[in-house]
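Counting convention: from 1, in listed order, for ligands and their atoms alike. Sequence positions, counted from 1, serve as the residue numbers for this chain.
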Amino acid sequence: MSGTGPAGVPIPQRCAHLPTDSRGYPIIATVGRDEDTIDFGTVSEYRKLVLATFDLCGVCGLPFGEELRWQVGFRPEALEATGGIEAAEAPVHEICALYSAQVCPFVSSPYARLGDEYRKGARRPEQVILAGSTRTEQLCVRPSPWQPGTKILTFRMADLTRSHVLHDAEQARAAYTEALADDTPLALDTQQEQLTALLCPLTQEENGGLLAGAAWCVGAAFCPDLGAVLGMDVFARDSRYRQVAEQTVLDAGFADAYAGTKRDASLQAGLRWLSTRTELPELLKHWRRSARGRLVRTARKDNGPSQEQRRKSARRKQKAARRRNR
Ligand SMILES: [Zn+2]
């Protein structure tokens with residue numbers, strides 16, 4: 001642990017870098033902000049995209065690595081869902097979920113939060129459910145339940161492995177105390193540190209827009225229907241984001257070389273992160289792999305038959321001619 005936050009609750013080491021508001025509440029990575037305004041009630045679609053692309057926790061903004069990805073909800077049926085949990089919020093580390101349940105005004109007062117029937121205060125939930133899945137299987141584009149006519153991102157989780165069902169504050173405290181006993185700081189490489197340093201502070205950058213642009217460039221541009229999501233049309237309309245993404249897929253050295261020519265710190269950090277990964281997060285790997293297939297097929301069509309194909313065709317013609325001459 002690393003000091004104490006609101007109401008004397010100890011802060012996990014991995015949340016120590018988060019800025020706090022005037023009451024001492026940590027400003028989690030998914031919440032939209034600028035230098036003067038923090039709105040705990042809104043999550044930023046830009047930030048959700050950044051978290052999904054670089055595979056970061058929605059609370060501390062640090063990588064998941066091999067840890068489970070947790071969603072916080074209020075309906076026990078979610079634990080029975082055979083198709084996996086789908087949520088409008090980015091997944092978080094276990095200790096970050098348990099910490100939020102202690103201090104975040106929107107988790108510890110669940111009826112003030114989330115987009116289900118509880119949001120309107122229709123019914124007070126009896127418990128907080130924390131569900132830990134192995135993988136984030138898909139980033140989906142769905143109609144917003146709160147703003148008709150707009151679309152938002154949702155996270156589809158797969159391979160539910162563990163859960164916490166917290167009936168009251170006492171249980172929440174006990175589960176958090178247990179998690180704190182195993183609390184260790186995460187070891188980050190330089191590129192991961194840079195992304196966190198850009199994502200988490202209070203800056204003038206509006207809602208993570210620059211980092212969202214970087215996410216498009218490293219491969220989110222290939223996420224189906226992404227341009228339809230609230231605010232993402234800016235990137236969809238400007239073909240340069242997609243072009244950069246295509247170049248990074250076709251040319252392994254492009255990301256690092258291009259980063260060197262740019263002054264945008266977020267784009268630089270994103271491209272350098274991409275060029276130094278030995279293994280990409282599952283979502284990004286999937287987007288880039290399907291794009292590569294399309295790009296290679298298009299390149300083949302544009303260039304006509306390859307030399308190899310032409311040689312094969314010539315050999316077939318020669319064989320047919322020899323058979324005719326026998
Ligand atoms: Zn976290």
Side-chain angles (χ1 to χ4, degrees), residues 1-6 9-21 24-33 38 40 43-44 46-73 85 87-108 113-114 128-136 139 153 155 157 160-164 166 172 175-189 191-202 208 211 215 273 281-283:
M1 97 181 113
S2 174
T4 53
V9 177
I11 303 170
Q13 299 194 41
R14 67 183 66 180
C15 293
H17 63 283
L18 294 179
T20 50
D21 73 356
Y25 287 116
I27 300 161
I28 65 175
T30 200
V31 166
R33 81 283 303 270
I38 308 136
F40 281 103
V43 291
S44 151
Y46 285 168
R47 287 179 166 269
K48 280 161 65 179
L49 178 67
V50 172
L51 297 168
T53 304
F54 298 105
D55 200 31
L56 308 173
C57 164
V59 168
C60 68
L62 301 183
F64 280 106
E66 299 298 310
E67 292 184 37
L68 293 182
R69 293 117 200 283
W70 293 76
Q71 288 285 355
V72 181
I85 292 166
E89 306 209 4
V92 302
H93 294 121
E94 181 178 25
I95 196 165
C96 295
L98 290 166
Y99 177 54
S100 300
Q102 296 288 299
V103 299
C104 173
F106 294 94
V107 179
S108 50
R113 180 173 174 266
L114 291 192
V128 175
I129 311 274
L130 272 56
S133 304
T134 311
R135 302 159 45 226
T136 306
L139 187 66
L153 294 169
F155 295 74
M157 314 307 298
L160 177 65
T161 306
R162 283 178 51 220
S163 61
H164 294 283
L166 308 173
Y176 181 52
T177 305
E178 202 181 319
L180 270 180
D182 292 332
D183 181 31
T184 45
L186 291 182
L188 304 182
D189 62 37
Q191 286 73 30
Q192 290 169 327
E193 271 172 6
Q194 274 171 356
L195 282 177
T196 308
L198 289 161
L199 181 68
C200 292
L202 297 178
L211 276 170
W273 172 90
E282 181 179 337
L283 286 179

Any donor-acceptor pair under 3.5 Å linking the side chain of D183 with the backbone of Q13? yes
Around the Zn ion (ligand 1), how many protein N, O or S atoms are closer than 2.8 Å? 4
Can you measure from CD1 (I27) to CG (L18) and round to the nearest 0.5 angstrom? 8.5 Å
Do any N or O atoms from the side chain of R69 and from the backbone of T134 form a donor-acceptor pair under 3.5 angstrom? yes
Between R47 and L199 (side chain of the first, backbone of the second, donor and acceptor by atom type, cut-off under 3.5 Å), is there such a pair? yes
For the pair K48 (side chain) and F155 (backbone), establish whether a donor and an acceptor sit closer than 3.5 Å, ignoring hydrogens and angles. no
Evaluate the side chain to side chain contact (heavy atoms under 4.5 Å, CB included) criterion for residues V59 and R14: first the C-alpha distance (whole Å), next the side-chain angles of each, then the deciding distance (0.1 Å), finally the verdict. CA-CA 10 Å; V59 168; R14 67 183 66 180; over 6 Å; no
